[in-house]
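Below is one structure, written out as C-alpha cells, with a few remarks after it.
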Amino acid sequence: MRPLTDTETQTLFSKLANYTGRSLTHLITSSTSIPASSKSKKDEDNRHVFRLHSSRVYYLPLYLANLATSIARPNLLSLGTCIGKFTKTGKFRLHITALDVIAPHARYKVWVKPNGEMPFLYGGNVVKAHVGRWSEDCPEHVGVVVYDMKDVPLGFGVTARSTAESRRLEPTGIVTFRQADIGEYLRDEDTLFAT
Amino acid sequence: MGVGRRMKKQGPPTPLDESLVTRKRKQVDIPPTANGVGKKRRTAEGPPLMSGAILREQKATVNGKASKDKPLKAAKPNNINPKKAPSPPPVEEEISEEDENTDRIDDLDLIEDGLEGVGVSGLDALETDDEDIEDDEFDIADSDVVDSDIEQRTRMWSEDEDDSDAEEELNAANIEGLSRKLDMEQAIAETEAQAELEEAGMQTNISGDKPKVLVDDEDEDVAGGTSTLAPDLQLLRTRITDAIRVLGDFSNLAEEDRSRAEYTAQLLKDICAYYGYSPFLAEKLFNLFPPGEAFAFFEANETPRPMVIRTNTLKSHRRELAQALINRGVTLEPIGKWSKVGLQIFESPVPIGATPEYLAGHYILQAASSFLPVMALAPQEHERILDMAAAPGGKTTYIAALMKNTGCIFANDANKARAKGLIGNIHRLGVKNTIVCNYDALEFPHVIRGFDRVLLDAPCSGTGVIAKDASVKTNKTEKDFMRLPHLQKRLLLAAIDSVDHASKTGGYIVYSTCSVTVEENEQVVQYALNKRPNVKLVSTGLTFGREGYTSYMGKTFHPSLKETRRYYPHTYNVDGFFVSKFKKTGPTPANAVLAVNGKNSKQETTAVEEFVDKTPILTEEEEEAKADDFGGWDEEEDREYMERAKKAALRKKGRDPKADKAKAKSSDGTSNTEDGQAKKFKKTKKAC
C-alpha cells in the first residue's frame, strides 16, 4: 500500500473528473462528511486519501490508511472503498465499486424508467425509450451516472450522443454506453475483487 | 432425501382426513349423473326396503376398500355390518322407531355421515322410506330450480335415488350371490384391518396400558433398526414418541425390569435411523435436552428456518425497503420486536438475492441468528473493532451500519477465497470503514491490538444449523469435537489479547458459535475464564434466549456462565446459536499462555524431552564434523548467529525481542554445551 505517484494521480483524476466535473475537489477535501465542530487534527485524520495496493486504488479516510499500515502487504486484501485499478499499460479503469464515490458528485445524470432497470442491470446500454429523465446540455462521450427513478444509482457509462442529438434519435437508439452497473456484484463477483 | 422423509413423516395423519374428504366428494359428485335415470326407473317400480339396506352396506364396504390407508376406521362399520346384514327384520323395527322420532330430518346427509358406523342400515331404510312420499314434490325442484337449500336436498335424494336405481336391478336371483360376495369382501377387509391393528398396536394402547417400546432382536430387524431394508418410518416415529412419553413419566409407564438406559438407548437408535444422524452426534445432541425437547430439536432440524434479510441502514430504511419489496410482490413481515432491521420473507415471485434493491445494497440475506452476536457486541461510533472470522460479511456490515461508517473495522478471514465474497458484500453495502485482511486469526495480537471490541464468531461444527446443512449429521466425529474446541479456545485467547482493556467505551469481546454443543461453547468460555483472570462475563444485552449451562453432565462451570445465551431452532425458530460477552478489565498477565505461544511452549517441553534421547547421535555427528576437512564446528561463533536469527524470527512474528531477552539471558546464564544444543534444537523446532 502506498500513496499514488504524480502520474498515477493525474490519470486517476482525469478519469474521475470525467464523471464529477469540478466537484472532484470535494472528494479530496476533508469537508465531505465531517461536522464543522471537529478539531483540526481530527480534520486531518478524516481527510480522504487515495492509496494504491496491488495495482488497485482505494479511497479511504487518512486515519484508516494509517491503521492499515500494520497489515502486511500479502495479507491486506482491501481497505476503504476500491475505486478501480491500473491496467498493465498504465491506464486506469473504474470499477462499479467506485459508484458510491462518484455518484454524490456526478455532473451529468441519466434516470432510467423502471422498465429499463433490468436491461441495464443485466449489462445492456441505456436506450432512449428507457430514459425517464436526463441532464440537459450533456455533451457527447462524457461520463454519466445512471440512476433509477427513485434516485438510486445503478451504474455509470458514457454518453453516446449529446442531449441535443439524442432528441432526434429513434426510441431504440442507444443514449448511454454502459461501463459499469451494480449487476456486476453478482455477475463478476469472482473477478471483480480478485487480487 | 430429507424432503422425502419429511413428506413421509407428515404422512400418517393425512390419509385419515384425505379419505374422508375424497369419500365425501364422491358422494357429492356421483348423484347428478344417476339422477335422471334413477327417477324414471323408480316410478315404474317401488323399491324394496330390505335391498336398500343391503346396498348401503355394499357402499360402506366399498368405501372401506377405497380408503385402504385408514383401515382402523373402516374396520368399524365392517364389524358392525355383518351382524345386521343377515337379519333384516330388526332393521325394519329400527325404521319404525326412527320414523317416529325424526319425522323430517333436514340434513340426513350429515347425520348419515356421522352415524355411518352405528346405524347405517337403519337410516338408509328411513331415507328410502321418506323418498317414496316426497318424491313427486321434489321432482320439479330437481330439474331446474337452483336454491342452496334445495340443492342440498336434491343431493340427498339423488343419492338415495342412486341406491334405488341399483336396487331395481336386483332380483331374487342375484341378491343371494351379491350378499355372499359382500360377506367375502367383508371378511377380507376385516382380516386386513386386524393385521393393521396389530401392526399399529401402539396407537390403540396409548390411552390404555404401558406402551411397548423396547423391542426384541428379531423385531428390531423387522422394524429396520439395523437391517439393510429401508426402515419403517411410521413405526419408528411412533416408537420414538412412545419412548419419549415413557422417559417423561418413567415410574408409571415403563415396563418392569427395564432400565431408563435401555429406553434411552433404544430411543437414540431410533432417532439415528429416523433422522439419519451418526450415533455419536445423536447422543451428543440428545444429552443437551430433556427427551421431549430433544425430539422437538431434532424435528426442528428437519424444517428450514425462515428466510430473513437485514436492512442496510447505511443506504435505506426498513420501511422504505419493505415498501419497495412489497411492490415487487414479496410478502414479508418484521422479524420481531427484538430487531429493528430484520425482515422475514415468506414468499417472493422474484429471486430475493437478485433484485435491484439487493444489488444497490439496500439489504443483505442474513440469518436471524447472526444478528445476535452483533447486537451483543453493541459497537459504538468511532471505535476500532475486530471481526476475527468475518466472511461472508453479514456481521461485519451490520457492525459498520451500527457505527454509521465511522471508526474502523478490521475484517479478518483466514480463507482468501471466502474473503472475496466478504469484499463484495462490503462494497455492495457501501461500507467504507473496513480493512479486510487475511491472517490466521491466532496471529492477530501480534499484528495489531488495542481494539475496543472484538467479535469472534468462531468456526464450529455447525450443529445449530443442521437445517441448513444436513451433512453435519454424519460427517462430524469425535475428533472434530476435540479439534474444533481446541482451535476455538486459542482463538478466544487471541481475541482477548487483542482487546484494549483501558478503552473508554469498550473493552468487550463477544464469542459466538452456530453450534449448540457444550464443548464448543461453555467449555471454551470456561477455559478462557481460567486462563485469563482479567476477563469476566457480562450480560449480552439480548432480551431473549436461554441461559447457558452452569453445570452439564458432571462438569460445573463458573456461575457467571448464566450470562451467556443459547438459542435453539425449536424454541425461537432461529438457528442454534450461542452468544457470550466478556469484558476485559485489566492487561493480560505476563505469565499467561499466549494463544500462539501456548503451543510453542508445549513444543519446547517436548523438544527437551526428545533431546535427551538424541544426545549421543548429535555428539557423534559433532565429532565427525570436527574430524573432517571442513574445519569443525565453532560453538561460540555459532551461538552469536543463532541469537541474531532468533531475534529476527521474533521480530518477524511481530514480537519485541527485547521483551524475551530476560528469559533468554537467564537461560544463557546456565548454559553449557548441552544447553546450547538444546536451544538450537528448540530453535529449529520453532522454525518449523
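Here is how names work: the chains are called A, B, and so on, in the same order as the sequence lines, proteins then strands, and each is numbered from 1. Predicted model only: the values in this text are computed from it and were never measured. These values consider heavy atoms only, across backbone and side chains, with no hydrogens, waters or symmetry-generated copies.
- For B:A354, the parts lying under 4.5 angstrom from a heavy atom of chain A are both the backbone and the side chain.
- Side chains of B:D387 and B:T396: a donor on one and an acceptor on the other come within 3.5 Å.
- Shown here are the side chain to side chain contact (heavy atoms under 4.5 Å, CB included) partners of A:T89, two or more places apart in sequence or in another chain: A:T87, A:K91.
- Taking the charged nitrogens against the carboxylate oxygens, B:D457 and B:K395 do have a contact shorter than 4.0 Å, which makes a salt bridge.
- No more than 12 heavy atoms of other residues, nucleotides or ligands lie within 6.0 Å of CZ in B:R319, so this atom counts as exposed by the packing criterion.
- Identified by a heavy-atom distance below 4.5 Å to chain B, the contributing residues of residues 106-129 of chain A are A:E117, A:M118, A:L121, in residue-number order.
- Expressed to the nearest 0.5 Å, how far OG of B:S316 lies from CD of B:E357 amounts to 8.5 Å.
- In this structure, A:R93 places its CZ atom where only 12 or fewer heavy-atom neighbours from other residues, nucleotides or ligands lie under 6.0 Å away.
- The residue among A:D148, A:I182, A:L186, A:L79 with the most heavy atom pairs within less than 4.5 Å of chain B is A:I182.
- For the set A:V152, A:L67, A:I96, A:L99, the entry with the most heavy-atom pairs within less than 4.5 Å of chain B is A:L67.
- The aromatic rings of B:F410 and B:F444 stand perpendicular to each other, their planes meeting at an angle above 60°, with 30° marking the opposite boundary.
- Heavy atoms closer than 4.5 Å to chain A are found nowhere in B:T355, neither backbone nor side chain.
- Minimum interatomic distance between B:C408 and A:L64 (heavy atoms only, all atoms of both residues): SG-CD1, 3.2 Å.
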